[in-house]
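Worksheet: the structure to be examined is printed underneath.
Per chain, numbering begins at 1; letters A, B, ... match sequence-line order.
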Amino acid sequence: MRLGTTLVSGLLLTFAAAWLGLVFGPYRQLGHLRPAPVALGDPFPSPPSGMAVLGRRVYIANGCVDCHTQQVRPKGSGSDLAREWGPRRSVPRDYIHDQPPLLGDRRTGPDLLNVAARRTDANWHHLHLYNPRAVSPGSIMPSFRFLYERRKIIGSPSHRAVRLPTDWSVKPGYELVPTPEATALVAYLMSLDHTTPLTEAGTP
Amino acid sequence: MTITRPTDSPAPPIRATDPIDALSKATILVFLASAVFWLLTGTLLAIITSIKLHTPGFLGATDWLTFGRARAAHVNVMLYGWASMAGVGVLLWLAARSSRFTLRFPQLLVIAGLLWNLAVLVGTVGVLAGDRTATAWLGFPAHSLTLSAIALILVGASVAVTLLDRREPLAIPHWYVLAAVCGFPWLYTTAILLTVQEPLGGVAQAIVGAWYIDGLRGLWFAPIGLAVVYALVPGLVGRPVASRRLALFGFWSLVLLAAWTGGRRLIGGPAPAWIVTISVVAGVLLLVHVAAVAINLVPLLTARPRPSRSDPVFGFLAFATVAYVFAGALGSLGSLRSVSRLIHFTHAEVALTHLELSGFFSMAMFGAVYHILPRLTGRGGSSWPIRMHFWFSAVGVLLSWAVLTTGGVAQGLALNDPQTPFAAIIGRTLPSLWGRSAAGMMMGVGHLIFAVLFVGSLTRRAEATPRDAADDFTTPDLLRSRETETAAAEPREGSLS
């Protein structure tokens, strides 16, 4: 019993040390970060608003994070900057409002940290989510058709309906309307913009 | 049933035919049977996920089985339904046979088994319905995580008390058992608390997530698998491990380093540089642990003559041991920034994870179950279906590793070349994704054979209980022959045993 206790105490001490290092340490260092002041504007990053908060939940629920990262690595750690996934590396301050953070660990699809800066058209996002291969040939992204409603046009078409290209469409007399989840998801994607310069990221 | 251990009479040698008390036996079987069920569920989800990645239209665009949900369900069912429940069943067996087949608090263990199943069930349905966390390896919704944490603490307490209460010195497998039951409940509850219940914000939470993933591998799956290998292999080949001191060194190097390597998952990412650097160093140093395991165990695998070579359990354990050493070496290599630059975010990282979990851990569990089951139920069986299971699993694991590694390296090279458009990168990985589906189906056939044999063993009529040298691993003769010399030369080292 006594010898086993020695072993167990040793184990607990070792684990406590690692906990102090990799759990408590980062919290002490990063827990107090605040938004950085920006000349002529709101401090960056600003807290997420309205639909984007809801859209973030849709993003998590459907496992977007399983294929898309949200981090831009510096020069020397991959081609992130050269691929124009962002003008600078990402730093801890970029994520202070992220609860939970969605850094991701797989790049089956491209990085999305600054997707709002690249894709500025909400209709493109809707088309892409509904039928990824129609706008992005060779893509293996699943279709998120279940976030859209195909419904018969009664009276005048909905102003929220997705504008379809002429070469593909749902049945004549029908329209494609995003559910609130789809609208929120696109609002979230269109909020993903971390291009504001930060001094600690090494850009002016 | 009894929860007190036998009194102070001189210890009789432990034999497989010693009566195991009914409740302890039932508990072990509850965990193992649940694990088999979840293995089949997880395998089905794995094959669906794998096919969807190269053929996104497969099974249509339904919300419950969209890629992200099916994958999260697969990962978490495999980690917590199959691997952890099988692991607990094996831990209970190892603890039980070390204490004359009597577990402490068996009633609590039955409750733990039921809670755990409930947690996995509720979690899987939750994930498929869209209720999941963002931490990949802790994907079940919060209420499910709480249930399994309670179950885990009950299991840990029972195993630890059973082991610490025994009279004989602790043998090598018992160190690893104690490391698993002390380390993982702490790791699990901390991670749940800080990522789900009272989540840290931003990058600090991502670091906890990374710390947890490596901890789960290094302080839960690795020690359970190694406990099995150290417990059964010396008995099967009829000789002790080369050096007990080396085993002790290997043990402490794992315990010291495994909880420090998590930051290597954030190389290049928005984490403080010191965290990544510490983790890279720990990851590379882990090579000494792998070397210690290799030096101690690999000679046993190739030793001649092999008295129990005909035992099908040996193949699984030998495969598991070699996979552990190989995956450990690759993992240390992958910790280097230069290698990470090539394979980070690619399928090659998935390949390594599968090599560790399917090649090392699952194979060790298969071997352990084939060893334990006849001893619990009194029913043996012919060995050819077990051999078929072995070959399907072995070829499936190797094929999966090979195609995902080559595909992942091609993917990494293409990702690092900014001139290669993203669609072209996907095109380059498609052949390996198809290959992975084929490998997954091969493993699936193996898992089906395993399940059929398991159910058969529970339902068929009792025969004679097999007995062989492997049963004697806790008795003094095999393990202690060299250790007595060591202990005499160095009393302090011996005292830790």
Side-chain angles (χ1 to χ4, degrees), chain A residues 1 3-8 11-12 14-15 18-19 21-23 25-27 29-31 33 60-67 69 71 73-74 77-79 82-83 89-92 94-96 98-103 105-108 110 132 136-146, chain B residues 52-54 56 61-63 66-69 71-72 130 132-136 163-165 170 175 178-179 182-183 186 190 194-195 199-208 211 255-256 259-260 262-263 265 267-270 272 275 278 341 345-346 415-418 422-423 426-427 495-496:
Chain A
M1 180 78 191
L3 305 174
T5 315
T6 316
L7 183 78
V8 171
L11 287 171
L12 296 181
T14 332
F15 297 156
W19 182 88
L22 285 196
V23 177
Y27 169 71
Q29 184 176 353
L30 303 174
L33 279 175
I60 294 171
N62 291 294
C64 305
V65 68
D66 285 8
C67 291
T69 55
Q71 49 180 309
R73 294 174 298 170
S77 290
S79 67
R83 283 186 178 274
R89 66 167 299 176
S90 52
V91 291
D94 287 316
Y95 304 89
I96 53 176
D98 285 11
Q99 187 56 271
L102 301 171
L103 296 183
D105 59 1
R106 223 41 83 221
R107 277 184 177 163
T108 310
S136 177
S139 166
I140 51 173
M141 185 168 110
S143 160
F144 292 93
R145 208 161 287 202
F146 55 86
Chain B
K52 273 175 172 274
L53 201 51
H54 52 73
T62 51
D63 48 354
T66 191
F67 176 83
R69 298 191 194 179
R71 177 177 181 267
R132 61 171 277 194
T133 71
T135 310
L163 272 186
L164 293 179
D165 238 11
L170 296 169
W175 311 339
L178 277 177
C182 293
W186 160 80
T190 306
L194 298 182
T195 66
L200 302 179
V203 172
Q205 188 188 131
I207 296 168
V208 175
W211 169 79
V255 169
L256 275 171
W260 284 97
R265 317 187 145 269
I267 291 176
I275 289 171
I278 285 180
R341 186 177 179 278
F345 302 136
T346 73
L415 273 169
N416 282 344
D417 171 19
F422 213 87
I426 293 169
S495 73
L496 249 182

Side chain proximity check, B/Phe67 to A/Cys67, heavy atoms < 4.5 angstrom: yes
Heaviest contributor of heavy-atom pairs below 4.5 Å to chain A, chosen from B/Ala423, B/Ala259, B/Ala136, B/Gly262, is B/Ala259
Contact winner vs chain B - A/Leu33, A/Thr108, A/Leu103, A/Leu11, heavy-atom pairs under 4.5 Å: A/Leu11
Between CD1 of B/Ile426 and CZ of A/Arg107, what distance do you get to the nearest 0.5 Å? 13.5 Å
So how far is it from A/Trp19 CH2 to B/Thr190 OG1, rounded to the nearest 0.5 Å? 7.5 Å
Just to verify, what does A/Arg89 make a side-chain hydrogen bond (donor to acceptor under 3.5 Å, both in side chains) with, not counting sequence neighbours? none
Contact leader toward chain A among B/Cys182, B/Gly427, B/Ala204, B/Gly201, where contacts are heavy-atom pairs under 4.5 Å: B/Cys182
In chain order, what residues pass the side chain to side chain contact (heavy atoms under 4.5 Å, CB included) check against B/Pro272, with sequence neighbours excluded? A/Gln29, A/Leu30, B/Ile207, B/Trp274, B/Ile275
Between B/Val255 and A/Phe15, does a side-chain contact (heavy atoms from CB on, under 4.5 Å) hold up when you go through it step by step? CA-CA 8 Å; B/Val255 169; A/Phe15 297 156; 3.9 Å; yes
A/Asp98, A/Ile96, A/Asn62: which one forms the most heavy-atom pairs within less than 4.5 Å of chain B? A/Asn62
Which residue out of A/Arg106, A/Gln99, A/Gln71 racks up the most heavy-atom pairs below 4.5 Å with chain B? A/Arg106
Residue among B/Val208, B/Leu415, B/Leu194, B/Leu256 with most heavy-atom pairs under 4.5 Å to chain A: B/Leu415
